[in-house]
Every structure is written in structure tokens, then in C-alpha cells.
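None of these values were measured; they are calculated from a predicted model.
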Amino acid sequence: AFAPDGTIAVADSFDERIGLIAPDGTWAGLRGQVSASTGFATEGSNPGQFNLPHDVAYDAAGNLWVADYGNDRVQEIGPQGNVMQPP
């Protein structure tokens, strides 16, 4: 999925994370609960954590929407990586 600023988000289902690629093609980081010691994401059901993320889309505000297949939910992630809570 393409963000309004041109960033690309890719669902990495079996690594339980979302990869981000900057508009210039360089690596821009991850979304998901990533371990500081290993750099790998861990499967789970906490906010911001995924279990088989399947699809991604951006809205006009730059929020990332993730179809979190294994957890039967959709999560909204803000542009800075914060988990948006439903109203």
C-alpha cells in the first residue's frame, strides 16, 4: 500500500510485521511489536502486535490499516507508529 507521502507498506505475514519502504526505495522500518534485542517481531494479540497480518491500506490522514487475519481484527496504526484506539 502507498502512504500519502509515498512510503510503501508491505504485509509480512509469516514474520508477523509490516515492512516500510521510503519513497526513495530505502528501508524505512517496521510496524509490529519488534524485540529490541533480536530485531524480530513476535506473534500476539496485544495492540500493535500481529498474527498473520494479511493486507494493508492507508487512509488520507496517513494512518495505516492492517488486516490482522490471525487475530480476526483490523488495526489502525498512526503515522508515527502509535496504535489508534477505536472510539
Side-chain angles (χ1 to χ4, degrees):
F2 288 91
D5 69 359
T7 298
I8 300 169
V10 179
D12 186 354
S13 297
F14 296 107
D15 284 330
E16 315 301 348
R17 63 188 184 181
I18 306 301
L20 301 175
I21 302 166
D24 66 0
T26 60
W27 183 249
L30 299 171
R31 294 291 182 259
Q33 192 170 34
V34 179
S35 168
S37 61
T38 67
F40 293 102
T42 55
E43 174 185 318
S45 60
N46 292 326
Q49 198 171 22
F50 307 114
N51 181 0
L52 296 174
H54 185 265
D55 204 358
V56 292
Y58 280 99
D59 62 21
N63 296 321
L64 177 65
W65 292 81
V66 180
D68 189 9
Y69 181 79
N71 284 319
D72 296 320
R73 65 183 178 186
V74 174
Q75 292 195 70
E76 180 183 10
I77 311 294
Q80 304 305 316
N82 53 312
V83 177
M84 310 295 282
Q85 298 299 322

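Distance check: Asp12 CG to Phe50 CZ gives 11.0 Å after rounding to the nearest 0.5 Å. One distance of note links CZ of Arg17 with CZ of Phe40; it measures 7.5 Å at 0.5 Å rounding. With rounding to the nearest 0.5 Å, the separation of CG in Asn63 from CD in Gln80 is 10.5 Å. Here Leu30 contributes atom CG and Ile18 contributes atom CD1; the two are 9.5 Å apart, rounded to the nearest 0.5 Å.
One hydrophobic cluster, built from ILVMFWY side chains closer than 4.5 Å, holds both Val56 and Leu20. Linking ILVMFWY residues whenever their side-chain heavy atoms come closer than 4.5 Å, directly or via other members, places Ile21 and Phe2 in the same cluster.
The heavy-atom pair separating Pro4 from Ala60 by the smallest distance is CG-O, 3.7 Å. A pairwise comparison of heavy atoms in Ala1 and Tyr58 identifies O-CE1, 3.8 Å as the closest pair. The shortest heavy-atom contact between Ala61 and Pro79 is O-CG, 3.9 Å. Residues Gln49 and Arg73 come closest through the heavy atom pair O-NH2, 2.7 Å.
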May I have the step-by-step check of side chain to side chain contact (heavy atoms under 4.5 Å, CB included) for Val66 and Arg31, ending in yes or no?
CA-CA 10 Å; Val66 180; Arg31 294 291 182 259; over 6 Å; no
Going through the distances and angles, do Phe14 and Leu52 end up as a side chain to side chain contact (heavy atoms under 4.5 Å, CB included)?
CA-CA 6 Å; Phe14 296 107; Leu52 296 174; 3.8 Å; yes
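In this structure, Thr7 contributes its side chain and Ala22 its backbone to no donor-acceptor pair below 3.5 Å.
Residue Ser45 is tested with Asp68, Asn51, Asn71 for a side-chain contact (heavy atoms from CB on, under 4.5 Å); the sole match is Asn71.
Within the 4.5 Å cutoff, side-chain heavy atoms of Glu76 are placed close to those of Asp59.
Every side chain to side chain contact (heavy atoms under 4.5 Å, CB included) that Val83 has, sequence neighbours left out, goes to Pro47, Gln75, Ile77, Gln85.
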